[in-house]
Amino acid sequence: MKTTFPKQDSPRPESAGAEVLEIAQISPAVEDVLAATPFIDIHTHLFAPSFGKLGLWGIDELVTYHYLEAEFFRSSHTQPEEYFALSKTQQANAIWRALFVENTPVSESTRGVVAVLKAFGLSTDRSDLAEARAFFQAQSLDAHIRRVFDMAGISVVVMTNDPLDPEEAPAWLNGSHQHPQFRAALRLDRILKNWAANWQVLAAQGYKVDAQASGKSAAEVQRFLFDWYERMRPMYMAVSLPDTFFYPAETLGNHLLAEAVLPSCRELDLPISLMIGVRLQANPVLRLAGDAVGRADLHSLENLCRTFPNNRFLVSVLSRENQHELCVYARKFSNLMPFGCWWFMNNPSIVEEITRERIEMLGTSFIPQHSDARVLEQVIYKWSNTRRTVAPILSNAYRLLAEDGRGVTRGDIQRDVTRLFRSNAETWMNLNGR
Ligand code: FIX
Ligand code: ZN
């Protein structure tokens with residue numbers, strides 16, 4: 001079982017790209033290499049086309065993204081109850097009017113929609129969405145997905161798949177959803193955070209579990225995870241955890257984590273993704289837009305990485321105040337892989353700060369970003385933002401290295417970009433081995 005970093009001993013390329021670059025050549029080379037390297041997007045809420053309506057795409061979904069809903073309620077007198085009583089089209093019209101017509105779309109999320117429209121050659125300053133709707137309605141999904149992945153410069157996305165989701169689970173039970181560009185992730189929030197409301201679903205499927213998760217329950221949960229591993233062939237197991245999460249502590253969730261989930265991950269050679277720091281439904285009337293952030297006690301990570309050295313932990317933290325600690329823990333534990341600038345962290349000014357710090361403290365031994373896209377076309381702006389933000393950070397690191405006495409080659413840049421945006425994920429998730 002691979003717990004420490006998979007060997008990535010790609011020596012300095014001898015052939016093409018071996019000449020040392022002049023300082024002035026570094027930035028253009030970095031931009032080229034970032035643009036030409038297809039990234040792996042290790043966390044999204046996208047679905048392969050075989051999942052039908054679960055997969056969101058098109059202008060109405062883009063404009064009613066919960067990030068924009070949160071901003072809408074700050075720039076409109078419409079109350080949440082009124083808004084959620086509208087149809088999707090009416091909701092999109094209301095948000096477009098408030099954030100794109102009556103105000104300048106300068107926020108990261110509104111700029112994102114503008115960038116997507118521009119990418120498809122559509123007008124970005126119309127008073128309504130008629131032109132955009134006509135365009136998206138004319139797209140055939142499979143071809144559109146291929147085009148969007150090309151435009152975003154990504155080759156593979158990892159979905160978020162909940163085996164207890166009443167809409168999604170039947171799709172898996174009634175058919176295979178293997179797709180080369182959409183890989184699965186086994187999401188365990190309902191089991192690890194809300195067992196009381198969900199254990200009966202497992203019991204109804206024949207797993208001998210009980211409300212206290214006592215007796216054989218942990219072994220039965222393992223059996224459940226193995227069954228879903230066969231169905232999904234997931235890249236990792238995953239859970240988002242509140243800012244109040246602490247390990248060890250006498251909770252049912254921690255019991256199942258230690259006795260069922262982590263042992264299953266070891267046996268199946270899967271990492272577990274921990275996304276820590278969400279305060280769910282701080283304002284429930286905003287529904288999906290109602291979640292907030294809190295600083296977590298990351299001693300939990302120290303305890304988990306030390307207590308379970310044979311497990312691999314893919315970790316993203318939601319609070320800005322937790323980012324530095326995460327970097328330091330990654331220096332202490334090679335079974336810990338920091339990834340992404342999650343959710344409220346996914347704003348260029350903060351991505352810059354986090355990524356610069358990670359390069360300085362971890363070199364290229366981390367995964368800089370994931371899109372968390374909920375709507376297909378979002379990968380276009382989320383990855384162009386990432387390339388735009390990361391390019392000067394990498395160029396600056398190489399310029400400093402050159403000034404300190406070691407020249408940089410295009411081969412070096414290609415190796416590093418490949419590691420950051422592909423091979424760290426590939427090897428940690430054993431992407432090509434599943
Ligand atoms: O838990 C998660 O995977 C979060 O990313 C989502 O729940 C959240 O709603 C989101 O879309 C963040 O970008
Ligand atoms: Zn997510």
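The chain is numbered in sequence order, starting from 1. For the numbers below, each heavy atom of this structure counts, side chains included, while hydrogens, waters and symmetry mates do not. No experiment lies behind these values; they were computed from the predicted model shown. Note that ligands are numbered from 1 as they come in the structure, with each ligand's atoms numbered from 1 the same way.
A side-chain donor-acceptor contact under 3.5 Å links Ser217 to the backbone of Asp210.
Cation-pi geometry between Lys382 and Tyr65 is not met at under 6.0 angstrom from the ring centre and within 45 degrees of the axis.
Residues Cys341 and Arg358 approach most closely at SG-NH1, 4.3 Å, considering heavy atoms. In terms of heavy-atom proximity, Val106 sits nearest to Arg111 at O-NE, 3.5 Å.
Ring to ring, Trp172 and Phe51 are close: their centroids are under 6.0 angstrom apart.
Classification of Glu325 and Arg295 as a salt-bridged pair holds, one side-chain N sitting under 4.0 Å from a carboxylate O. A salt bridge links Asp243 and Arg279; the closest N-O separation between the charged side-chain nitrogens and carboxylate oxygens is under 4.0 Å.
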Criterion ring pair (Phe, Tyr, Trp, His ring centres under 6.0 Å) on Phe120 and His144, from CA distance to verdict: CA-CA 11 Å; Phe120 288 110; His144 186 57; 5.6 Å; yes
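Listed by chain and number, His43, His45, His66, Tyr67, Arg187, Ser240, Trp342, Trp343, Asp372, Arg374 each place a non-hydrogen atom less than 4.0 angstrom from ligand 1.
The aromatic rings of Phe182 and Phe149 sit tilted, their planes meeting at an angle between 30° and 60°.
If you look at the Zn ion (ligand 2), the protein N, O or S atoms less than 2.8 Å from it are His43 NE2, His45 NE2, Asp372 OD1.
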